[in-house]
Amino acid sequence: MDRGHPIPAFEEDERFGKYHTRSPDNVFVETTFGANNSIAPITRVTSFGEDVDSAISSTAASTGTCNTILSHGGSTDSSALSENWQLLGVPPANESRLSQTSMLGDEEEEIIVFVELPNKKLLCRLCGKVYKDPVIVTCGHTYCRRCVNHKGDETCPVDGHMLGVVVANIAVSEQIGDMLIHCKYGCRLSEDGQTYTKDEACCPVTVKIANRRDHEDECDYMPVECPNNAGCPTLLKKDMEDHMRHCSNVRCPHVKYSCDFTGTQEELDEHLKTCKFESMKEFLQRTDERISDLQYTLSSKDQEISFLRSMLGKLSEKVEALEKFTDVKVQLLEHSQSKVHREISESRREYAVIADELSHINNYLNIGNISMGAYDPQQMFKCRGTFVGHQGPVWCLCVFGDFLFSGSSDKTIKVWDTGSTYKCMKTLEGHTGIVLALCTYGNKLFSGSQDCNVIIWNIDNDFAKLKVIEAHENPVCTLASARNMLFSGSLKVIKIWDVHTHELKRELTGLNHWVRALVATGNLLYSGSYQTIKIWDVLTLECVRQLETSGGSVYSIAITNHHILCGTYENVIHVWEIEGYQQVSTLRGHSGTVYALAACNTPAGTRVFSASYDRSLRVWSMDNMICSQTLVRHQGSVASLAVSRGRIFSGAVDNTVKVWQA
């Protein structure tokens, strides 16, 4: 197993969902590659019926209130007007003495019978009744507040805008409040059982809607109950006084002491002369007062007890709050201390990078026997742009002609045009886990994922999904292809598949850990695991050589014309000669795991690019094994590399892919 290290190994890798990526809003953008296209919002206008236009008119110049009305194409004949009234739920003029149950009461429906037919401008389009608590909505029209609240998911019938209360329409409320109605105690239910009409035999009073409560609360025609007994019939308020003089349900004032006498007022007067409780009423009264005093004292004591309990609870809460506050302060102190330690560590790492750069510069300036052609300013690589679009870290890259494929923690593969538009052409979805590996063969793209599957895509057929292979029992870490074979690496095993039939041909075992690196070149397959590189003959599928390394697990492998390179968990790059397999150098400079390696032939010679957990890329000259350039532009660990036509593409944990070119 790997030794302890502050940089996570694969089994504790960021790729397995334990790395908290930043929000897409914070993605670092270098240039305008793949800029988002803004689409202007669409405003839809819908007519309110084929022959009904909508308009807005003021109720009065002094109110400044906007109401909604309907017009029949300028027609003013009586039939059209009647149709409009029916559309709004209001009876025609010859039924002006009737009224529907209105929404003018919040808790219950009130009986409303107007003296005169309401102006249709005062009717709500949503319920067809006189406004109740009118409000102006976002589009400027007026509706009942309850209608808007109950139909919040609907749109304005005039202009189609969503309903939303803006402000109360006070002017319309006052106008409605001045309308005259009949007292509800002067109305009766019509024969249709739905509306009310004036009852000439009942209350004749007409009042303004705003003042109706003042009258109706004192109306002589209001039904009331006899206070003596529930068995008495319901009375009108004006008849109560006469009823009380003849009521036969008057009870003895000592009923609370169990006297069960009931009769008229005259009979009660006679009863009190012989009632046994009447002679003791003073004693009973004093006893009641004493009981009341005791109850008051008991209530006071209960309040004191409740107050003391409340104070005790508050004191307990204060003590608990102080304990929590102390714990928070301690945690903040520990967090601050940890943050300071991290900042110091980061500063030391940056200082080491700067010192290393200075050392390389001094080497170029002071070592006379080294060819200075490698340090040609014209061959210095620069960041030319950034591809932005993934919602998670980019773990793998693959190039096919002008196409660049990138796999990410967002479980998608994006196809980028690197030839002309520099935009994302398509997003391939199908994996249920992080996309960890990509490779191509012929016109097919192969993708491996944390979901243990390999998906095959047809590049020529608009990247259509061809097949899903349940490849391994563990995540597919890496892929490679050669000679009609696809190689997939996972935990302690490499599986070999036929690229045409997609059938499993063989399994290579005897590996000691995760196979994080696979490279196929010529007739050889190179695999990297824990402190080991195995070299396999592609034709016989037998292991022909094994190279021992140091520095923990092998995370990356690159092959040049003369050298084999591998990046390790413990920040170094080992170099062997292809002829004789003799280790010739160990490249040091990174301060984090070397996740990826890529070789590139330039006019100045062979260059090897290395990507690391320390957020940097390094350019190594294979002529003198010296780092000629350090590229620091990513905001997170650099996890993948790809080379195409002199350009280097790097994918990182900051969700971006950067383009580098000399």
Working for side chain to side chain contact (heavy atoms under 4.5 Å, CB included), residues E267 and V250: CA-CA 9 Å; E267 292 173 344; V250 180; over 6 Å; no
Spell out, as yes or no, whether a donor-acceptor pair under 3.5 Å connects the side chain of [X] to the backbone of [Y].
| X | Y | result |
| --- | --- | --- |
| S190 | T195 | yes |
| S292 | D288 | yes |
| S173 | N169 | yes |
| D451 | T432 | yes |
| D410 | Q391 | yes |
| T412 | L428 | no |
| T138 | H161 | no |
| Y131 | T142 | yes |
| D199 | A201 | yes |

Whether H390 and W416 hold their rings parallel, tilted or perpendicular, with breakpoints at 30° and 60°: perpendicular
Find out whether [X] and [Y] are in side-chain contact, i.e. whether some heavy atom of one side chain is under 4.5 Å from a heavy atom of the other.
| X | Y | result |
| --- | --- | --- |
| C139 | V158 | no |
| K276 | H254 | no |
| C259 | H271 | yes |
| Y257 | C252 | no |
| F307 | Q303 | no |
| L122 | M179 | yes |
| T197 | R188 | yes |
| V172 | I136 | no |

Value rounded to 0.5 Å, distance of [atom1] in [X] from [atom2] in [Y]:
| X | Y | atom1 | atom2 | value |
| --- | --- | --- | --- | --- |
| H182 | C187 | NE2 | SG | 6.5 Å |
| R633 | T386 | CZ | OG1 | 7.5 Å |
| C183 | K198 | SG | NZ | 8.5 Å |

Between [X] and [Y], which heavy-atom pair has the shortest distance, and what is it?
| X | Y | result |
| --- | --- | --- |
| Y185 | Y221 | CB-O, 3.8 Å |
| V148 | L126 | N-CD1, 4.5 Å |
| K132 | C144 | N-SG, 3.3 Å |
| D654 | Q635 | OD2-N, 2.9 Å |
| C203 | H215 | SG-NE2, 3.6 Å |

For [X], I'd like to know if atom [atom1] has over 12 heavy atoms of other residues, nucleotides or ligands within 6.0 Å.
| X | atom1 | value |
| --- | --- | --- |
| E241 | CD | no |
| E266 | CD | no |
| K426 | NZ | yes |
| L180 | CG | yes |

Candidate list S406, S449, S409, test side-chain hydrogen bond (donor to acceptor under 3.5 Å, both in side chains), partner W395, passing option: S409
side-chain hydrogen bond (donor to acceptor under 3.5 Å, both in side chains) partner of S338, the single match among H335, R342, E334, H341: R342
For E154, salt bridge (charged side-chain N to carboxylate O under 4.0 Å, His left out) partners two or more places apart: none
Selection residues 310-321 - residue pairs positive for salt bridge (charged side-chain N to carboxylate O under 4.0 Å, His left out), sequence neighbours left out: E320-K324
Evaluation steps, side chain to side chain contact (heavy atoms under 4.5 Å, CB included), between W457 and I413: CA-CA 11 Å; W457 314 82; I413 303 165; 3.9 Å; yes
Test log, rule side chain to side chain contact (heavy atoms under 4.5 Å, CB included), inputs L163 and T155: CA-CA 6 Å; L163 298 177; T155 57; 5.8 Å; no
Stepwise salt bridge (Lys or Arg N to Asp or Glu O under 4.0 Å) check, K281 with E278: CA-CA 5 Å; K281 66 179 181 181; E278 180 68 13; 3.0 Å; yes
